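Just so it is clear, the values below take in all heavy atoms, side chains as well, and ignore hydrogens, waters and symmetry mates. Since we're looking at a predicted model, the values are computed, not measured.
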Amino acid sequence: MTVDQRYCREGEGNILSRTLGDIGLLYHRPSGQTHIVISPVPEILEAMEDDSPVSVGDLLQRLSRRFDLGPQETALPKIAAHLADMAALGLIRAVA
């Protein structure tokens, strides 16, 4: 996994989401699994909302407008790790 990897959200309608206080429920229709998530997953998905592929750097810029993420050299690997986890769950997908 590199910070140059690009990701996009799953196709529209493949994920249903509901918020319960500070947690989110994401139902992944293709797998039939429900994922219970907390911050920063909902914020990352929201930052990817335009459905165009984004890199870790793109997300850092978008998220930094709303949140203090600290130094870039520590924030980039953390965002990359979250994206890899989200891709493994099928919530987003890596694109070429």
Side-chain angles (χ1 to χ4, degrees):
M1 137 81 72
T2 68
V3 293
D4 296 328
Q5 177 66 58
R6 299 181 77 70
Y7 294 89
C8 64
R9 291 174 56 125
E10 257 304 317
E12 189 171 336
N14 282 344
I15 301 202
L16 301 175
S17 66
R18 297 291 181 263
T19 303
L20 298 171
D22 290 340
I23 64 170
L25 300 175
L26 302 175
Y27 175 68
H28 184 246
R29 284 185 177 187
S31 70
Q33 294 182 346
T34 300
H35 304 284
I36 300 171
V37 298
I38 59 171
S39 184
V41 173
E43 293 83 358
I44 291 172
L45 288 172
E46 184 180 325
M48 297 176 76
E49 214 164 85
D50 64 4
D51 292 328
S52 61
V54 293
S55 68
V56 177
D58 296 334
L59 282 173
L60 176 62
Q61 288 180 343
R62 291 178 187 187
L63 292 168
S64 291
R65 292 180 198 141
R66 293 182 49 206
F67 306 102
D68 178 11
L69 302 178
Q72 178 175 330
E73 56 274 1
T74 57
L76 281 174
K78 289 178 182 178
I79 293 170
H82 283 296
L83 291 172
D85 291 343
M86 292 168 67
L89 293 173
L91 301 176
I92 61 174
R93 57 188 159 81
V95 293

Could you report the tightest heavy-atom contact between [X] and [Y], atom names first, then the distance?
X	Y	answer
L60	S64	O-OG, 2.7 Å
T74	P77	O-CD, 3.4 Å
L63	A47	CD2-CB, 3.9 Å
Y7	A87	CE2-CB, 4.0 Å

Self-check item: Side chain to side chain, V37 and P42, heavy atoms closer than 4.5 Å
Solution: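 Touching, per the 4.5 Å side-chain cut-off.
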
[atom1] of [X] to [atom2] of [Y]: how many Å apart, nearest 0.5 Å?
X	Y	atom1	atom2	result
R6	L59	CZ	CG	9.5 Å
E43	R62	CD	CZ	15.0 Å
R93	L83	CZ	CG	14.0 Å
I92	L45	CD1	CG	7.5 Å
T34	L25	OG1	CG	7.0 Å
I15	L91	CD1	CG	4.5 Å

Quiz item: Quick one: does R29's side chain have a donor or acceptor within less than 3.5 Å of a partner on L16's backbone?
Solution: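 Not at all, since once roles are kept as given, no pair shorter than 3.5 Å links the two residues.
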
Quiz item: Ignoring hydrogens and geometry, is there a side-chain-to-backbone donor-acceptor pair from H82 to P40 under 3.5 Å?
Solution: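 Between the backbone of P40 and the side chain of H82 there is no qualifying donor-acceptor contact (under 3.5 Å).
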
Quiz item: Which residues pass the side chain to side chain donor-acceptor pair (under 3.5 Å) test with S17, sequence neighbours left out?
Solution: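 S17: no side chain to side chain donor-acceptor pair (under 3.5 Å) contacts found.
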
Quiz item: Crowded around I36 CD1? As in, over 12 foreign heavy atoms under 6.0 Å?
Solution: no

Quiz item: When you look at H35 and V41, which way does the side-chain contact (heavy atoms from CB on, under 4.5 Å) test go after all the steps?
Solution: CA-CA 11 Å; H35 304 284; V41 173; over 6 Å; no

Practice problem: Show your working on side-chain contact (heavy atoms from CB on, under 4.5 Å) between E49 and E46 and close with a plain yes or no. | Solution: CA-CA 5 Å; E49 214 164 85; E46 184 180 325; 4.3 Å; yes

Quiz item: Same cluster or not: are L76 and F67 linked, directly or through other Ile, Leu, Val, Met, Phe, Trp or Tyr residues, by side-chain heavy atoms under 4.5 angstrom apart?
Solution: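 L76 and F67: one cluster.
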
